[in-house]
Amino acid sequence: MFDTLSDRLSATFKNLRGKGRLSEADIDATAREIRIALLEADVALPVVRAFIANVKERARGVEVSQALNPAQQVVKIVNEELVSILGGETRRLRFAKTAPTVIMLAGLQGAGKTTLAGKLGLWLKSQGHSPLLVACDLQRPNAVNQLSVVAERAGVAVYAPEPGNGVGDPVQVAKDSIEFAKAKVHDIVIVDTAGRLGIDQELMQQAADIRDAVSPDEILFVVDAMIGQDAVNTAEAFRDGVGFDGVVLSKLDGDARGGAALSIAHVTGKQVMFASNGEKLEDFDAFHPDRMASRILDMGDLLTLIEQAEKTFSQEEAAKMASKLQSSKGGKDFTLDDFLAQMEQVRKMGSISKLLGMLPGMGQIKDQINNIDERDIDRTAAIIKSMTPKERAEPTLINGSRRARIAKGSGVEVSAVKSLVERFFEARKMMSKMAQGGGMPGMPGMPGMGGGPGRQKKQVKQAKGKRKSGNPMKRKAEEAAAERREQAAQGGAFGLPAQEDKNFELPDEFKKFM
């Protein structure tokens, strides 16, 4: 959603690099580019003015003029100001002292309230709560049925005594749901209210009546991040008519300009608390202003990536895989079954393009990331599942005829099977080397980066087998170099003799420093 804004800001900061000092003209030009980028992203004008004024004031101050790298300092200022307009610190849910905690969802029709009720229910359930979804949208056709389906998919309870479709009193349903939750020991009640296509008096009155009936601990205003500047106007109308405590942004995975999302917290004074960024019930999380600002500036979001990995990966399974790779057999215990299990775990974290997008600097290869075919993992899984258990355990058995059978069973070319097996051997070799402390291959002589003792010995052995030059002077130089290498290998750092040499003494000119 913030791709255009990210691209413009990255291009702006690129022009600042390499400058040892920023002039007044540099600051004005940078502020102008940032202003254009924000306006093009559909950020509200009052927010843009306040943002640019703060950036210019701080950029002219001591923190930039005395910085070793002024360009980086300006990026830091923009990052901090972005965090500020996005709401500052992460806002957490307030829970009632006495259960149940009541959360009321409000917003326009089509903003995604019903689906979001299921996402919020699943999110709270994963944290050990027992949520109850309440169907108080009795106007929209099939709204009650939709909430029941969403609740079933999320694995949470639903309270829907009325059929909806214009039948039933939503205020009475909301009142009765509290007693029902207490009787069934649900510690959280999520009330899904009706919306309208636009702001009207009937909508506001019904939302206010439900609010008065259940006295919610949190009123969350759900806004479609794709509707542009109208999102700010709607948020202000709800704030004045019903009141709300926090904002939930839905459809953040869309391709709209998304500047309204940057404006709401600043204009209404209410923080964004949650963000929904996909169609699946799992595509939902708490909103972190600092992480969102980091993504906009193409600095990545490693904390969210780590949190998703911790949710998905089993520590027990990870330890088991690591022990296989660290085994004395050089990782040969790591089979294609293990490889498939690892792939499926990564797939549970979400799409590969989304995961890569959380890494710093990935904005530079955005087109390549967007062109990743997610079905490649499915094809790889189909190839592995077309193998016999013995072939998965010992891929070296896969010969020409077996490859042809596997290719036919998985619906791919024979070359694809051959390529997968070869890539598996290479990946296993590399992972085994890293697991045993060898680090990344291709970096000799660097601790933890490959080129360990075994690699050095192999290189020395190869050097001994070289032919000696026929030129006496060149041969003498080669012998001297070989002798120095041998001393360095046998001794400590810097080629000094090993500690076992009892007769070694420091030269006289060094003794006076001891």
Side-chain angles (χ1 to χ4, degrees), residues 1 93 102-127 129-160 162-165 170 173-174 177 186 188-198 203 206-207 210 216 218-227 230-231 234-235 238 244-256 258 260-261 264 272-287 308 311 348-351 354:
M1 176 160 278
L93 273 175
V102 181
I103 300 171
M104 175 178 160
L105 304 181
L108 292 180
Q109 186 174 315
K113 293 190 300 300
T114 303
T115 305
L116 195 123
K119 290 184 175 186
L120 182 58
L122 180 63
W123 186 78
L124 288 165
K125 181 187 171 187
S126 69
Q127 298 184 356
H129 296 285
S130 174
L132 171 71
L133 307 190
V134 180
C136 287
D137 182 357
L138 304 180
Q139 274 76 36
R140 183 167 59 88
N142 275 330
V144 175
N145 187 41
Q146 183 191 352
L147 187 70
S148 301
V149 171
V150 168
E152 186 180 350
R153 283 172 53 205
V156 297
V158 63
Y159 180 70
E162 298 289 353
N165 300 325
V173 170
S177 70
H186 293 287
I188 294 178
V189 174
I190 301 171
V191 181
D192 177 32
T193 63
R196 295 287 186 281
L197 293 175
L203 164 69
Q206 187 183 103
I210 293 174
E218 294 277 15
I219 302 176
L220 301 183
F221 172 61
V222 183
V223 61
D224 183 345
M226 298 177 68
I227 65 173
D230 200 41
T234 308
F238 264 91
F244 58 84
D245 304 298
V247 179
V248 181
L249 293 175
S250 65
K251 307 179 190 176
L252 264 183
D253 56 325
D255 56 0
I264 285 178
V272 179
M273 292 177 59
F274 297 99
S276 169
N277 57 1
E279 294 180 6
K280 295 180 181 175
L281 291 179
E282 296 83 9
D283 296 334
F284 174 84
D285 208 347
F287 184 85
Q308 287 189 9
K311 282 183 199 170
K348 285 179 187 174
M349 288 175 65
S351 71
K354 267 187 190 176

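For the numbers below, each heavy atom of this structure counts, side chains included, while hydrogens, waters and symmetry mates do not. Index from 1, following the sequence. Fair warning: this is a prediction, and the values are worked out from it, not measured in the lab.
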If you measure from CG on L133 to CG on D192, what distance do you get to the nearest 0.5 Å? 8.0 Å

Report yes if some heavy atom in the side chain of L116 is under 4.5 Å from a heavy atom in the side chain of L220; otherwise report no. no

All N/O donor-acceptor pairs, side-chain side in residues 144-159, below 3.5 Å, sequence neighbours left out:
| residue | atom | partner | partner atom | Å |
| --- | --- | --- | --- | --- |
| Q146 | OE1 | R140 | NH1 | 3.1 |
| Q146 | OE1 | R140 | NH2 | 2.9 |
| S148 | OG | V144 | O | 3.0 |

Flag the pair F238 / F244 as yes when their ring centroid distance falls below 6.0 Å, and as no otherwise. no

Between I210 and C136, the two heavy atoms sitting closest are CD1-CB, 4.3 Å

Taking all atoms of both residues into account, what is the closest heavy-atom pair of A286 and F274, and its distance? CA-CD2, 3.8 Å

To check you understand the geometry: which heavy-atom pair defines the closest contact between S177 and V189, and what is its length? OG-CG1, 4.1 Å

Testing the basics here: between D224 and S250, what is the closest heavy-atom pair and its distance to 0.1 Å? CA-OG, 3.6 Å

Taking D285 for the side chain and A275 for the main chain, is one N or O donor matched with an acceptor at less than 3.5 Å? no

Work out which heavy atom in G118 is nearest to a heavy atom in L281; give both atom names and the distance. C-CD2, 4.2 Å

Reported CG-to-CD distance for the pair L122 and Q127, which is rounded to 0.5 angstrom: 10.5 Å

Under the side-chain contact (heavy atoms from CB on, under 4.5 Å) test, which residues partner S130, sequence neighbours left out? H186, D187

Which heavy-atom pair separates P131 from I190 by the least distance, and what is that distance? CB-CD1, 4.3 Å

What's the separation between atom CD1 in I103 and atom CE in M273, rounded to the nearest 0.5 Å? 7.5 Å

Do L93 and L124 have side chains that approach each other closer than 4.5 Å (heavy atoms only, starting at C-beta)? yes

Set of residues satisfying salt bridge (charged side-chain N to carboxylate O under 4.0 Å, His left out) with respect to E282, sequence neighbours excluded: none

Do any pairs count as a salt bridge (charged side-chain N to carboxylate O under 4.0 Å, His left out) and have a residue in residues 103-119, sequence neighbours left out, and if so which ones? none

Listed by chain and number, what are the side-chain contact (heavy atoms from CB on, under 4.5 Å) partners of A194, not counting sequence neighbours? D137, Q139, R196, Q206

Let me see the working for V223 and T234 under side chain to side chain contact (heavy atoms under 4.5 Å, CB included), right down to the final yes or no. CA-CA 8 Å; V223 61; T234 308; 5.9 Å; no

How long is the span from the CE atom in M104 to the CG atom in D245, to the nearest 0.5 Å? 10.5 Å

